[in-house]
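Report on one structure; see the data block that follows.
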Amino acid sequence: MSEQIKSVRGMRDILPEEIEVWQSVEAIIFKTLESFGFEEIRLPIVEDLRLFQRSVGSYTDIVQKEMYVFQDKAGRHLALRPEATASVVRAYLEHQIYLKKKITRLYYSGPMFRYDRPQKDRYRQFYQIGAEIFGGSSPYFDVEMIIILSKIFNLIGISEYLFEINSVGCNICKIKYETKLKEFLELNKDQMCQDCKLRMQHNVLRVLDCKLDTCRKIIRNAPTIESFLCNDCIKHQEAVYTVLDKLHINYEKNQYLVRGLDYYTKIVFELKIKNEENSVAGGGRYDNLVKELGGPVTPAVGFAIGMDRLCSILNGDLCIKNKILIVFLDKQSIEAGMPIIDNSRISGIRISADYSERSLKSHLKNADRENINNVLILGENELEKKCFLYKNMRDGSQKYIKFDELSNFFKELKNVKDSHMRTD
RNA sequence: GUGGGUGUAGCUCAGUGGAUAGAGCGCCAGACUGUGGCUCUGGACGCCGGGGGUUCAAAUCCCCUCACCCACCCCA
C-alpha cells in the first residue's frame, strides 16, 4: 500500500461541518462592512518580497523568520503574504486610487501565511478579513473601525469582548520615546532577558510586551509613551476615547500594547474575547505607510479579524440551518417522487434525498444523528394519497403534504430560522 | 526558533517485554414487518503514526522521523 499523503504542517482542511459557522460569520462581516461603505478588493497571495520588508518592517519577527519566501523561475524574490495591509496599500498606489477618491474604504478576505510553530488556533495558513480606510486623518475614522468591529461581534452573538487600546505616537513622538526608552533600558540591561536585549537593538517597543517577571519589574519603572505624546497625538487619542465612552464600547487602555508590525502610528487596538487567550482582531492607524511605499502622504487606519480563531470559538455554538431529508421506502416511490421534488425544489434551503433501501427506522435514526429536523417520507401509502408524509423531528408531529403543495411547504420551512445569528 | 507532553477501533482512552490487543461511547442488525431519541441481544471495525534497531519474543525498550497538543517567542 502506498503511503498516505497528508496536509502539510500548519495547513488544514476546513470541513463542511465547520464551514457552516464560517459562512455565517463571513456573511455578517461582509454585510456590515458594505453597510459602512466599504468595497471589496481581491488581492494576489504572492507579492514581491520587498513589499513586506518595507511595510511590515525588516526586523519584525514576521519578516525575519516567519515568511514563506521563494524564487520563481525568473529568479524574482517573492513571498506568500503574511498579512494583507501591505498589499492593499500597494494596490492603492499602483492604481492611483488616491487620485479618484478623497476617502477610500476597502476590505479583503483570504488566506495569509506565516511559518510559525502551529498551536491551537494558530496555523501556517490562516484566514483574515480586514478593512482599511485611506485618506482620513481624523480620529473618528479610528472610532469607526472600532464601531464596525463591535457591531460585527454583537451580530455574531458574542457579547463579552474588550478592546485594548493604546497610542504608540506619531513619527515624531514615537522616535523620541523610543530613544528615551532605550536609554532607560540600557541602564538595566544586565537584568534583562536575552530576547529583550535583542529587541532593544531593533524594536524597543516590543520590550514593553515581555512576559518575564524580571523584565516586567524594570518596565514598570520605565517611562511610558503617554508622557511623550505630542499635542497632536494627545488630542487624537482623547477624541477617540471620548466618543468610545459615549458609545458605551467596552475598552481598556493598555500602555504596553505594542503590535508586531512596524508601520503603526497613534492608535493601535486589539479585540479580546473573555476567557480566550488570543486576540481575535487587531489593527490601528498607519499614517506613514503609504508614503513609505512611494505614495503621497496619506493617513490610514485598518483592522484584521482572525477567522480561524473567531470560528473556533463559535464552533461549539453551531447555528443549525433548516435541512430537509427526503426518504423513499421503495423503488416505485423513487420513480414517482423524484420528478415531483425536482419541480418543487427552491433555493435557500437544503433538501437532500436518500435513495438507499433501508428501513424507515434506520432512515429516521440517520436524520436524528445528522441533526436534520425535517423528514419527508414517501412510500406506498403516500403514493396512494398523492402526498408526502412530513415528520418534524423536534416534536415528533406528522402531517401530510400534497404533491402540488410541496413547493409552498419548502418556502414555509425556509422562513423558519433556527439560529441565534442574524445574517440580515 | 526553544522547552515539555501525546500518538492504540470512527471518538475518548486502558494496556510498561509474552498467546488471537481491550473498554466505554458511536456504528450495523434484530427484538419492534412503515417511525428516531430509552432498554435488551447479537455483529463489524485496528499497517498500536511511519522507518530502523535490541530481543527467542516489541503497542511496550532504544534511535530517527512525522504529526498534533501545551508553554515560550510572536501574532490573527
Side-chain angles (χ1 to χ4, degrees), chain A residues 1-12 56-57 59-67 81-85 109-130 149 193-196 198-199 203 206-207 209-212 215 257-261 268-273 276-283 302-313 325 327-330 333 356-383 389-398:
Chain A
M1 200 199 283
S2 61
E3 191 198 342
Q4 269 288 328
I5 296 172
K6 291 186 287 187
S7 65
V8 320
R9 186 172 165 83
M11 316 267 174
R12 56 147 181 177
V56 176
Y59 290 108
T60 57
D61 280 21
I62 293 176
V63 168
Q64 281 225 309
K65 44 187 213 192
E66 293 174 5
M67 211 150 52
R81 62 181 183 193
E83 61 111 37
T85 298
S109 162
M112 309 296 156
F113 301 84
R114 288 182 202 170
Y115 195 87
D116 237 359
R117 186 113 173 206
Q119 261 178 59
K120 188 152 191 71
D121 297 336
R122 169 196 265 178
Y123 303 95
R124 289 182 174 178
Q125 174 173 337
F126 61 100
Y127 295 83
Q128 287 188 335
I129 297 179
L149 278 174
C193 72
Q194 212 52 41
D195 285 328
C196 280
L198 279 173
R199 289 180 187 125
N203 197 344
R206 291 235 59 91
V207 176
D209 211 26
C210 188
K211 308 287 188 299
L212 287 175
C215 294
L257 177 68
V258 181
R259 313 215 62 244
L261 300 91
V268 295
F269 54 86
E270 282 186 14
L271 191 151
K272 290 204 159 156
I273 292 173
E276 295 292 331
E277 184 66 28
N278 298 317
S279 42
V280 290
F303 70 72
I305 300 171
M307 291 297 288
D308 304 79
R309 287 176 184 181
L310 178 53
C311 292
S312 125
I313 291 164
L325 175 70
V327 161
F328 301 97
L329 296 184
D330 51 40
S333 308
S356 326
E357 282 184 38
R358 295 195 276 168
S359 64
L360 178 57
K361 183 196 184 86
S362 131
H363 274 124
L364 289 176
K365 208 170 175 179
N366 183 50
D368 190 41
R369 190 176 60 236
E370 288 184 28
N371 238 322
I372 296 170
N373 294 332
N374 310 288
V375 178
L376 283 172
I377 301 159
L378 189 63
E380 210 180 332
N381 301 345
E382 288 74 24
L383 276 183
L389 180 61
Y390 165 71
K391 181 173 178 108
N392 182 327
M393 298 294 282
R394 272 279 165 78
D395 55 20
S397 65
Q398 299 189 161

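To find a chain, count down the sequence lines: A is the first, B the second, and so on, and within it residues start at 1.
- Here B:U35 presents its P atom at 11 Å from CG of A:Asn381, a figure rounded to the nearest Å.
- We find that NZ of A:Lys361 is positioned 11 Å from C1' of B:C38, with the value rounded to whole Å.
- Atom CE in A:Met307 sits about 16 Å away from atom P in B:A76, given to the nearest Å.
- Searching all strands for a Watson-Crick or G-U wobble partner of B:U6 with both distances below 3.5 Å returns B:A67.
- Closest to the side chain of A:Arg122, from the set B:A76, B:U35, B:C70, is B:A76.
- Atom name C1', nucleotides B:G17 and B:C56: the rounded distance is 12 Å, in whole Å.
- The side chain of A:Asp368 lies closest to B:G36 when the candidates are B:C68, B:G36, B:C74.
- Nearest-nucleotide mapping onto RNA chain B: of A:Asp395 and A:Asp308, the residue sitting toward the 5' end is A:Asp395.
- The base-pairing partner of B:G1, taking Watson-Crick or G-U wobble contacts with both distances under 3.5 Å, is B:C72.
- A:Gly396 comes within 4.0 angstrom of a nucleotide base, judged by non-hydrogen atoms across all strands.
- At the heavy-atom level, A:Ala367 lies nowhere under 4.0 Å from the strands shown.
- Taking atom P on both nucleotides, B:U55 is separated from B:G49 by 23 Å, rounded to a whole Å.
- Among the heavy atoms of the strands lying under 4.0 Å from A:Arg114 is at least one base atom, whether or not backbone atoms are also near.
- Within 6.0 Å of the CD atom in A:Glu380, the count of heavy atoms belonging to other residues, nucleotides or ligands does not exceed 12.
- For a distance-only test at 3.5 Å, the side chain of A:Lys391 qualifies as a donor-acceptor partner of the base of B:U35.
- Separating the P atom of B:G53 from that of B:A59 is a span of 15 Å, rounded to the nearest Å.
- Counting any heavy atom pair closer than 4.0 Å across all strands shown, A:Gly10 reaches sugar-phosphate atoms only and no base atom.
- Out of B:A76, B:G4, B:G36, the shortest distance to the side chain of A:Arg117 is found at B:G4.
- Minimum heavy-atom separation, A:Ala84 to A:Met112: CB-CE, 3.5 Å.
- A:Asn366 comes within contact range of no nucleotide atom at all, as no heavy-atom separation falls under 4.0 Å.
- Nucleotide B:A76 holds its P atom 17 Å from the CD atom of A:Gln125, rounded to whole Å.
- One can place CD of A:Gln119 at 12 Å from C1' of B:U2, the figure rounded to the nearest angstrom.
- Nucleotide B:U16 is matched to nothing when pairs are restricted to Watson-Crick or G-U wobble geometry with both distances under 3.5 angstrom.
- The same atom, C1', is picked in B:A21 and in B:U60; the two are 12 Å apart, to the nearest Å.
- Comparing the C1' positions of B:G7 and B:A14 gives a spacing of 15 Å, expressed to the nearest Å.
- The side chain of A:Leu329 lies closest to B:G34, out of B:A76, B:G34, B:U35.
- Remark: the separation of the P atoms in B:G10 and B:C47 is 7 Å, to the nearest Å.
- Remark: C1' of B:C69 and OH of A:Tyr123 are 11 Å apart, rounded to the nearest angstrom.
- A cation-pi contact, defined as under 6.0 Å to the ring centre and within 45° of the axis, links A:Arg124 to A:Tyr115.
- For A:Asp61, taking side-chain heavy atoms from C-beta onward, the closest of the listed nucleotides B:C73, B:A76, B:C69 is B:C73.
- Between the NZ atom of A:Lys365 and the P atom of B:G37 there is a distance of 6 Å, given to the nearest Å.
- Both A:Arg369 and A:Gln398 sit near RNA chain B, but only A:Arg369 has its closest nucleotide nearer the 5' end.
- For B:C38 and B:C45, the P atoms lie 25 Å apart once the distance is rounded to whole Å.
- Spacing between B:U20 and B:C48 at atom C1', rounded to whole Å, works out to 15 Å.
- Contacts of A:Asp116 with the nucleic acid, taken as non-hydrogen atoms under 4.0 Å apart, include base atoms.
- Taking only side-chain atoms of A:Ile377, from C-beta outward, the nucleotide of B:C68, B:G34, B:C73 with the closest atom is B:G34.
- Here the nucleotide nearest the side chain of A:Glu382, chosen from B:G34, B:C74, B:G36, is B:G34.
- The nearest whole Å value for the distance from the CD1 atom in A:Ile372 to the C1' atom in B:U35 is 16 Å.
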